[in-house]
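One structure is given here, and the rest of the page talks about it.
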Amino acid sequence: MNILVTGGAGFIGSNFIYYELKKHPDDRIVCLDALTYAGNFDTLSAAMEHRNFRFVHGNIEDRRCVDKLFGEEHFDIAVNFAAESHVDRSVTNPETFLITNVLGTQVLMDACRKYGIKRFHQVSTDEVYGELPIDRTDLFFTEAAPLHASSPYSASKASADLFVLAYHRTYGLSVSISRCGNNYGPYQFPEKLIPLMITRALDDQPLPLYGKGDNVRDWLFVEDHCAAIDIIMRKGRSGEIYNVGGNNERSNIDVVRSILTALNKPETLITFVADRPGHDKRYAIDSNKVMTELHWRPNTKFDDGLSQTIKWYVDHEDWWQRILRDNYIK
Ligand code: NAD
Ligand code: TDX
């Protein structure tokens, strides 16, 4: 198989590249990434040594670049991780979210139609469903739940999902969509909750918790997400959406307390700050479809995954200190 991975210099995409190179060493992986603030070429240095890996620097919304690449490579599968992914940034600058997340997805699918492809897989998010009430723990998002996006980020991801389904229905393009909850693990940019809190706690900096810290997220270790995408893009039914969750709901304050305990740092570092505008209360995912149809299961318990993640950030201070330095300079 020749597989295009867009956004592979980011958090989940890079973990996915390493997962694929290990699980299917004879498949070829081509990564297309624009290396935005969130992309990090260093993360892919070990992949660059692999005989079946190629890196291409470019934007998914750049039709000429995408067309040229598809013409050269004749991909079997394209999996689209490339996105602007941070909700807070979408509140201050929605336009790049529309360009990358919606237009970029459309440009990729046009190339898939033109050159032919066995499967286009769109990596989406549970955020497209909006929020659930904190006190209704009996409610979960199923694939049939209506789209109810809250932020410009989730609106752009929901729009892209609609385009993917429309390309399937209108042009018969073979597509699948996975909608996953909050991921955590190695190589996550230190603007997202878990790496932000780990790196700030290591530096004895205040930990900014939005509102009362009672918002709930469903956390999944990144490798489990990669395993789900691998199965869905190869064996999932065309035209289908698959929810992917860890069945592991935690309030933000509980997550932060676990980090502080593991690092032996005081709770006085927690600082309550103004809430995020439009902040979704709770996400919870029903993953029965991918579990029964494709026999996927999350393998990593939250406590183990969090310890591994904390250890990774402690051992890779160079990686995140360089990012903090570069972003500070910018
Ligand atoms: P990330 O921000 O860490 O990485 C995004 C990558 O995409 C970066 O390498 C960046 O350089 C690249 N990119 C951005 N714009 C591009 C463009 N125009 N052309 C080419 N490359 C571009 O994101 P992530 O957390 O790894 O998320 C990956 C995907 O998974 C996204 O589509 C996101 O919506 C989805 N997702 C993320 C989570 C999560 O918890 N992080 C959960 C569910 C779904
Ligand atoms: O400084 C912070 N303080 C805080 O309280 C940050 C950055 C976050 N939070 C809260 C907001 C959320 O309730 O923590 C929770 C998690 O926040 P993020 O890490 O920004 O993730 P979230 O907004 O839930 O979205 C994530 O999961 C779904 C990813 O960023 C998305 O790309 C993915 O689609």
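Just so you know, ligand 1 is whichever comes first in the structure, and atom 1 is the first atom listed for that ligand. Values below: all heavy atoms of this structure, side chains included; hydrogens, waters and symmetry mates excluded.
Contact annotation for E61 and ligand 1: only side-chain heavy atoms (C-beta onward) come within less than 4.0 Å of the ligand. Residue contacts with ligand 2 for E127 involve side-chain atoms from C-beta outward but no N, CA, C or O (heavy atoms, distance under 4.0 Å). If you look at L35 next to ligand 1, the close heavy atoms, those under 4.0 Å, all belong to the backbone. At a heavy-atom cutoff of 4.0 Å, ligand 1 is contacted by no atom of R179, backbone or side chain. Contacts between V87 and ligand 2 below 4.0 angstrom, taking non-hydrogen atoms only, involve the side chain exclusively.
Using cut-offs of 30° and 60° for the angle between ring planes, the F302 and W219 rings count as tilted. Ring planes of Y171 and Y167: perpendicular class, angle over 60° (limits at 30 and 60°). Ring geometry, Y187 versus Y18: the interplanar angle falls under 30°, so the pair is classed parallel (tilted spans 30 to 60°).
The six-membered or imidazole ring of F41 lies near that of F55, with a centre-to-centre distance under 6.0 Å. A centroid separation of less than 6.0 Å is found between the aromatic rings of F70 and F75.
The minimum heavy-atom distance linking G305 with Y184 is given by the pair C-CE1, 3.3 Å. Looking at every heavy atom in both residues, I3 comes nearest to E20 through CD1-OE1, 4.0 Å.
Against a heavy-atom cut-off of under 4.0 Å, Y153 is close to the following atoms of ligand 2: 31 (C), 32 (O), 33 (C), 34 (O). Every atom of ligand 2 with a heavy atom of L209 under 4.0 Å away is listed here by number and element: 5 (O). Proximity to H86 (heavy-atom distance under 4.0 Å) selects the following atoms of ligand 2: 20 (O). Near R217, the atoms of ligand 2 lying under 4.0 angstrom from a non-hydrogen atom of the residue are 12 (C), 13 (O), 24 (O). Using a 4.0 Å cut-off to heavy atoms of L196, the atoms of ligand 2 that qualify are 1 (O). Taking every heavy atom of T125 and a limit of under 4.0 angstrom, the matching atoms of ligand 2 come to 28 (C), 33 (C), 34 (O). Near H279, the atoms of ligand 2 lying under 4.0 angstrom from a non-hydrogen atom of the residue are 11 (C), 12 (C), 13 (O). Less than 4.0 angstrom separates some heavy atom of E191 from each of these atoms of ligand 2: 7 (C).
Between C180 and ligand 1, no N or O atom pair is found at a separation short of 3.5 Å. Where the criterion is an N or O separation shorter than 3.5 Å, residue side chain and backbone included, L32 fails it with respect to ligand 1. An N or O contact shorter than 3.5 Å is missing between D280 and ligand 2 by distance. Of the polar atoms of N183, at least one N or O is found under 3.5 Å from an N or O of ligand 1, judged by distance alone. Residue-to-ligand polar distances place T36 within reach of ligand 1: an N/O pair is separated by less than 3.5 Å. Geometrically, ligand 1 and Y37 share no nitrogen or oxygen pair separated by less than 3.5 Å. The shortest N or O to N or O distance between T100 and ligand 1 is under 3.5 Å.
Contact analysis leaves K157 out of contact with ligand 2, as no non-hydrogen atom separation drops below 4.0 angstrom. For G58, the closest heavy-atom approach to ligand 1 falls below 4.0 Å. In this structure, T6 has no heavy atom closer than 4.0 Å to ligand 1. Within the structure, the closest approach of F189 to ligand 1 does not fall below 4.0 Å when heavy atoms are considered. Distances from ligand 1 to the non-hydrogen atoms of G104 include no value under 4.0 Å. Residue contacts with ligand 1: S124 is included, with a non-hydrogen atom under 4.0 Å away.
For T142 and D286, the side-chain atoms include no donor-acceptor pair closer than 3.5 Å. No hydrogens or angles considered: nothing links the side chains of Q308 and D304 as a donor-acceptor pair under 3.5 Å. Side chain to side chain, Y37 and D326 fail the donor-acceptor criterion of an N or O pair below 3.5 Å. Using modelled atom types and a 3.5 Å distance limit, the side chains of N248 and R250 yield a donor-acceptor pair. With hydrogens and angles left out, the side-chain atoms of S156 and S159 include no donor and acceptor closer than 3.5 Å. No side-chain donor from either of H225 and N15 sits under 3.5 Å from a side-chain acceptor of the other.
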- Task: Please step through salt bridge (charged side-chain N to carboxylate O under 4.0 Å, His left out) for the pair K22 and E223, ending with a clear verdict.
- Result: CA-CA 12 Å; K22 194 164 165 204; E223 200 177 294; over 6 Å; no

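The side chain to side chain contact (heavy atoms under 4.5 Å, CB included) test applied to R276 returns H86, V87, D88, Y210, R217, H279, not counting sequence neighbours.
Here the heavy atom of the protein found nearest to atom 21 (N) of ligand 1 is A34 N, 3.1 Å. The nearest protein atom to atom 11 (O) of ligand 1, hydrogens excluded, is given as D33 OD1, 2.6 Å; this is a heavy-atom distance. Atom 23 (O) of ligand 1 has as its closest protein heavy atom S85 OG, 3.3 Å. Protein heavy atom nearest atom 32 (O) of ligand 1, with residue, atom name and distance: K157 NZ, 2.7 Å. Looking from atom 38 (C) of ligand 1 to the surrounding protein, the closest heavy atom is I12 CD1, 3.6 Å. For atom 21 (O) of ligand 2, the closest non-hydrogen atom of the protein is N182 ND2, 3.4 Å. Nearest to atom 33 (C) of ligand 1 among the protein's heavy atoms is Y153 OH, 3.5 Å. The single protein non-hydrogen atom nearest to atom 19 (N) of ligand 1 is I60 N, 3.0 Å, given as residue, atom name and distance. When only non-hydrogen protein atoms are considered, atom 42 (C) of ligand 1 lies nearest to G181 O, 3.1 Å.
Counted within 6.0 Å of CZ on F163, heavy atoms from surrounding residues, nucleotides or ligands total 12 or fewer; the atom is thus considered open.
Taking hydrophobic clusters as Ile, Leu, Val, Met, Phe, Trp and Tyr residues chained together by side-chain heavy-atom distances below 4.5 Å, I253 shares a cluster with L263. Criterion: ILVMFWY side-chain heavy atoms under 4.5 Å apart, direct or through other members. Under it, I177 and Y242 are not part of a common hydrophobic cluster.
Listed for the R200 side chain is a donor-acceptor partner under 3.5 Å among the backbone atoms of P206.
A salt bridge does not link K301 to D224: none of the charged side-chain nitrogens sits closer than 4.0 Å to a carboxylate oxygen.
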